[in-house]
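Here is the structure we will look at, set down as structure tokens.
Predicted model, so just to flag it, every value in this text is computed and none were measured. Proteins come first, then strands; the chains are lettered A, B, ... in the order of their sequence lines, and each starts at number 1.
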2 protein chains.
Amino acid sequence: MKQETKPGQRSSFAFDVSRCLVCGARNLNMCGSLEKDELESLTKIVRCETFGAGEALFREGDSSAWVFNVTDGAIRLSNMLGNGKRQVVGFLFPGDFLGFTGADEYKVTAEAVRGAKVCRFARSELTRLRHQLPQLEHRLFEMAESDLVAAQEHITILGQKSATEKMVAFLLMLSRKSAARGGVDNPVHLPMTREDIADFLGLAFETVSRCLTKLEDQKLITIESTRVIRLNDFAALEDYCEEA
Amino acid sequence: MKQETKPGQRSSFAFDVSRCLVCGARNLNMCGSLEKDELESLTKIVRCETFGAGEALFREGDSSAWVFNVTDGAIRLSNMLGNGKRQVVGFLFPGDFLGFTGADEYKVTAEAVRGAKVCRFARSELTRLRHQLPQLEHRLFEMAESDLVAAQEHITILGQKSATEKMVAFLLMLSRKSAARGGVDNPVHLPMTREDIADFLGLAFETVSRCLTKLEDQKLITIESTRVIRLNDFAALEDYCEEA
DNA sequence: GGCGTGATTTGACACTGGTCAATCCCACCC
DNA sequence: GGGTGGGATTGACCAGTGTCAAATCACGCC
């Protein structure tokens with residue numbers, strides 16, 4: 001396993017299939033659709049990379065020639081507006097695929113939230129493999145569809161919910177996502193800042209802070225530390241963001 | 001071309017490929033990726049249907065066994081919340097594909113806005129064809145990706161823009177979409193009610209009305225009739241929703 | 001261990017946009 | 001032509017959030 005240094009001091013290395021077989025994200029991401037011998041074709045075109053807090057994998061306008069599998073940490077997808085406002089359109093976690101865009105250029109910026117590990121592929125190579133491996137094609141299609149459904153839920157949260165409801169929906173979403181990738185559903189760990197959350201929910205960061213305080217006052221959550229929130233009553237929280 | 005009556009008095013009929021060749025939406029939708037002989041395979045599994053104003057193609061929770069190509073009119077995709085609020089997550093126009101969902105059940109409701117014509121396919125048949133026709137697979141993937149990008153733009157509009165900016169962004173979007181399918185980019189025709197627009201933009205319908213009036217006072221638009229809006233200065237409107 | 005910077009919390013206040021209500025407009029029907 | 005009903009507009013008011021400011025906290029670094 002040779003190791004190199006790429007622009008930006010980022011470690012980047014190729015590896016063999018044995019590494020994929022023990023990858024914690026394998027059953028979550030597109031690789032899970034492949035058998036060992038098929039995985040080898042993927043292994044040949046991938047490099048593993050690490051990004052530090054805030055580092056960009058790509059920015060709005062960059063060529064979409066590279067795509068990624070997230071294997072560790074969290075990635076923030078965002079849009080910047082002319083007036084300096086920022087909308088976070090999604091957070092990606094281990095198992096998520098990063099690279100859907102119908103165009104030659106990315107329309108969003110992807111940055112590591114705190115620190116993240118990813119597998120990097122050339123889109124052209126992956127496209128070639130998709131033609132050879134129908135399982136892979138199918139799995140990627142499913143993942144794109146599921147991203148679309150997630151975006152529609154995000155739209156609904158942004159359009160119809162109050163600040164506190166948004167906050168509750170966000171906490172429940174993180175809890176579900178953590179459980180889905182084999183982690184605990186409680187307490188919820190927040191790798192991102194209050195400002196990231198605010199920009200995801202269309203709020204001011206002060207409002208995020210106030211909503212968390214209010215929910216703790218109501219005993220619905222416990223703020224164990226700035227980045228660890230315990231959900232004290234799932235049923236009540238579900239009701240809170242669905243009905244009110 | 002035999003004609004039948006289906007539940008709900010809806011006309012539904014099969015047809016041969018000659019009809020597809022003159023379909024106005026063909027170059028916009030997934031059919032555009034196919035040659036005449038390939039189109040025939042599609043023709044064999046499709047039925048053409050008409051839906052009246054407000055009629056549902058499917059509702060949240062319905063089986064996702066059917067998928068559609070929109071060929072005329074407009075379709076409204078929406079989510080209902082427990083408290084009676086509704087979020088419109090998208091409007092579909094001729095050329096758009098309706099049926100992306102990663103699951104066995106639809107998570108949104110699809111209704112005709114005023115009146116709409118669609119081609120209906122069994123998902124299972126279409127999946128089979130996708131395996132046989134790589135062009136079709138590729139085109140559908142592209143369309144799913146482009147829906148995802150559109151949803152991310154919608155998220156940004158909902159999260160970061162003021163009421164009037166939202167309204168301007170909406171008008172420009174409709175104008176672009178009309179141009180993209182070969183229509184005029186000005187004036188903009190609105191098949192939907194103020195309430196539909198409000199539920200799309202996360203506003204009250206009174207606010208939509210007020211914003212339109214305000215934009216007309218500023219000479220940026222002319223309300224030629226309730227459902228026809230003339231954009232008087234594209235550059236100024238672009239600036240309005242991008243910067244302010 | 002102390003310091004410094006950035007993140008977070010809390011408070012005071014202003015303002016956008018929601019709510020409720022009245023009126024208007026227009027298409028459709030008798 | 002007049003009536004009817006749903007959609008659209010306009011006005012008055014105010015609740016929920018954003019903004020600005022200050023205080024506090026947390027963490028990395030020396």
Side-chain angles (χ1 to χ4, degrees), chain A residues 52-54 76 81 83-88 113-115 157-171 189-217 221-229 240-241 244, chain B residues 52-54 76 81 83-88 113-115 157-171 189-217 221-229 240-241 244:
Chain A
R76 176 179 62 229
L81 279 75
N83 52 10
K85 288 183 182 176
R86 181 186 69 157
Q87 177 65 41
V88 173
V113 172
R114 288 177 74 72
I157 289 170
L158 287 173
Q160 302 302 328
K161 292 191 194 284
S162 72
T164 316
E165 289 162 20
K166 285 177 177 179
M167 200 58 237
V168 171
F170 180 72
L171 292 171
H189 184 249
L190 310 173
M192 67 291 287
T193 65
R194 300 289 187 263
E195 188 168 16
D196 286 335
I197 300 172
D199 289 350
F200 180 84
L201 294 175
L203 299 171
F205 68 87
E206 296 95 328
T207 304
V208 168
S209 182
R210 269 187 265 268
C211 288
L212 285 171
T213 305
K214 180 176 142 195
L215 287 167
E216 183 165 47
D217 289 349
I221 65 171
T222 304
I223 304 173
E224 300 194 338
S225 79
T226 301
R227 292 214 155 78
V228 181
I229 310 284
Y240 197 109
C241 81
Chain B
R76 177 179 61 230
L81 280 76
N83 52 9
K85 289 184 182 175
R86 182 186 68 158
Q87 177 65 41
V88 174
V113 173
R114 288 176 73 73
I157 289 170
L158 287 173
Q160 302 301 329
K161 291 189 193 288
S162 71
T164 316
E165 289 162 21
K166 285 177 177 179
M167 199 59 235
V168 171
F170 180 72
L171 292 171
H189 185 249
L190 310 173
M192 68 290 287
T193 64
R194 300 289 188 262
E195 188 168 16
D196 287 336
I197 300 172
D199 289 349
F200 180 84
L201 295 176
L203 300 171
F205 68 88
E206 295 96 327
T207 304
V208 168
S209 184
R210 270 187 264 267
C211 289
L212 285 171
T213 305
K214 180 175 144 196
L215 288 167
E216 183 164 48
D217 289 348
I221 65 172
T222 305
I223 303 173
E224 301 194 337
S225 79
T226 300
R227 293 214 154 76
V228 181
I229 310 284
Y240 197 109
C241 80

Looking only at atom types and distance, does a side-chain atom of [X] sit under 3.5 Å from a main-chain N or O of [Y], one as donor and one as acceptor?
X        : Y        : value
A:Arg76  : A:Gly54  : no
A:Thr213 : A:Ser209 : yes
A:Gln87  : A:Phe200 : yes

key: By side chain to side chain donor-acceptor pair (under 3.5 Å) - contacts of A:Thr222 (at least two apart)   = A:Asn232

Do you know the tightest heavy-atom contact between [X] and [Y]?
X        : Y        : result
B:Met192 : B:Val113 : CA-CG1, 3.6 Å
A:Leu212 : A:Arg194 : CD1-NE, 3.5 Å
A:Ala163 : A:Thr207 : CB-CG2, 3.7 Å

ask   = Could you state the interatomic distance from SG (B:Cys241) to CD (B:Gln160), rounded to the nearest 0.5 Å?
value = 13.5 Å

query = Once you round to the nearest 0.5 Å, how far does CG of B:Leu190 lie from CD1 of B:Ile197?
reply = 5.0 Å

Within a strict 4.5 Å, meaning less than it, do heavy atoms of the [X] and [Y] side chains meet?
X        : Y        : result
A:Met167 : A:Ile221 : no
B:Thr193 : B:Arg227 : yes
B:Leu81  : A:Lys161 : yes

request  = Using the heavy-atom set of chain B and a strict 4.0 Å cut-off, write down the first and last nucleotide of DNA chain D that makes it in, 5' to 3'.
outcome  = D:dA8 to D:dA12

Atom-pair distance ([atom1] on [X]; [atom2] on [N]), nearest Å:
X        : N      : atom1 : atom2 : result
B:Glu206 : C:dG17 : CD    : C1'   : 10 Å
B:Met167 : C:dT16 : CE    : P     : 19 Å
B:Glu165 : C:dT16 : CD    : C1'   : 12 Å

task = Strictly below 4.0 Å, heavy-atom distances to any atom of DNA chain C: list the hits from residues 191-204 of chain B, or just say none.
result = B:Gly202, B:Leu203, B:Ala204

key: Sorted by number, the residues of residues 221-229 of chain B with heavy-atom contact under 4.0 Å to DNA chain C   = none

query = Can you list every pair that meets salt bridge (Lys or Arg N to Asp or Glu O under 4.0 Å) and has a residue in residues 199-217 of chain B, with sequence neighbours left out?
reply = B:Arg86-B:Asp199

Do any N or O atoms of the protein come closer than 3.5 Å to N or O atoms of nucleotides 12-15 of chain C, and which pairs are they?
none

